[in-house]
Amino acid sequence: MFRVMIWGKFDGLDDVGRAAVQAAGATAFTEEGTFTHDGSFSAFTFRCQAPAGPDDGEPEATRKAVAALDAHGHAYHLLRVAVTDMRQIKIRQKGRRR
């Protein structure tokens, strides 16, 4: 599983688009993606969770996240993308002593 954050700027978001972004607003990572935005609806952060195949890397995760962003149908300018491969995250167990 990958978690992808995309930072961008909306390009001419109308009132219907603003309502749709507001409805998809959250801080959770989902496969459909969620938005956080500034007060003027110009800049946004899009959080997306992308399934990982055995040979998938950051480029594949980025493509999946951009496809999820494109599915929302809002014109935008991409500023930056950050990808975290959750398969690489190590979780320490509490109470374990060395």
Side-chain angles (χ1 to χ4, degrees):
M1 186 67 58
F2 291 97
R3 287 191 170 178
V4 183
M5 292 182 65
I6 299 174
W7 290 269
K9 289 188 166 196
F10 289 116
D11 186 22
L13 195 62
D14 60 12
D15 290 338
V16 173
R18 286 185 178 141
V21 167
Q22 190 95 21
T27 57
F29 286 86
T30 66
E31 287 191 28
E32 298 79 25
T34 59
F35 289 97
T36 55
H37 53 82
D38 65 357
S40 66
F41 286 88
S42 60
F44 67 88
T45 302
F46 183 74
R47 290 172 174 82
C48 184
Q49 186 165 291
D55 296 326
D56 285 352
E58 288 187 22
E60 291 81 11
T62 299
R63 278 194 291 277
K64 290 175 184 178
V66 169
L69 176 57
D70 289 343
H72 285 274
H74 310 299
Y76 64 90
H77 297 286
L78 190 90
L79 298 176
R80 186 168 55 117
V81 177
V83 179
T84 302
D85 186 344
M86 300 305 290
R87 300 172 294 185
Q88 303 299 319
I89 302 295
K90 305 286 187 223
I91 300 174
R92 287 191 200 176
Q93 295 180 4
K94 290 185 179 181
R96 195 171 202 188
R97 293 209 157 135
R98 294 179 185 200

ask   = What do the steps show when you test His37 against Gln22 for side-chain contact (heavy atoms from CB on, under 4.5 Å), and what is the final call?
value = CA-CA 9 Å; His37 53 82; Gln22 190 95 21; 4.0 Å; yes
task = Find out if a path of hydrophobic residues (ILVMFWY) with successive side-chain heavy-atom gaps under 4.5 Å connects Phe44 to Leu78.
result = yes
key: Worked check of side-chain contact (heavy atoms from CB on, under 4.5 Å) between Phe35 and His74   = CA-CA 12 Å; Phe35 289 97; His74 310 299; 4.1 Å; yes
inquiry  = Could you report the tightest heavy-atom contact between Ala50 and Ala61, atom names first, then the distance?
reply    = CB-O, 4.3 Å
Residues 5-21, side-chain donor-acceptor partners within the protein, below 3.5 Å, at least two apart:
residue: Trp7; atom: NE1; partner: Thr45; partner atom: OG1; Å: 3.3
residue: Asp14; atom: OD1; partner: Val16; partner atom: N; Å: 3.3
residue: Asp14; atom: OD1; partner: Gly17; partner atom: N; Å: 2.7

message = Using ring centroids (six-membered ring only for Trp), state whether Phe46 and His72 fall under 6.0 Å.
response = yes
query = So do the side chains of Met86 and Arg3 get within less than 4.5 Å of each other, counting heavy atoms only?
reply = yes
ask   = In terms of hydrophobic clustering (I, L, V, M, F, W, Y; side-chain heavy atoms under 4.5 Å; direct or indirect links), are Met1 and Val83 co-clustered?
value = no
query = Looking at residues at least two apart in the chain, or sitting in another chain, which of them share a salt bridge (Lys or Arg N to Asp or Glu O under 4.0 Å) with Glu60?
reply = Arg63
ask   = In Å, rounded to the nearest 0.5 Å, how long is the span from CG of Leu69 to CD of Glu32?
value = 13.5 Å
message = Give me the atom names and distance for the closest heavy-atom approach of Asp56 to Pro51.
response = OD2-O, 4.0 Å
request  = Answer whether the closest heavy-atom distance between the side chains of Val4 and Val66 falls below 4.5 Å.
outcome  = no
inquiry  = I need the Phe2 CZ to Thr84 OG1 distance, nearest 0.5 Å.
reply    = 10.0 Å
task = Check side-chain hydrogen bond (donor to acceptor under 3.5 Å, both in side chains) between Arg80 and all other residues, then give those that pass, not counting sequence neighbours.
result = none
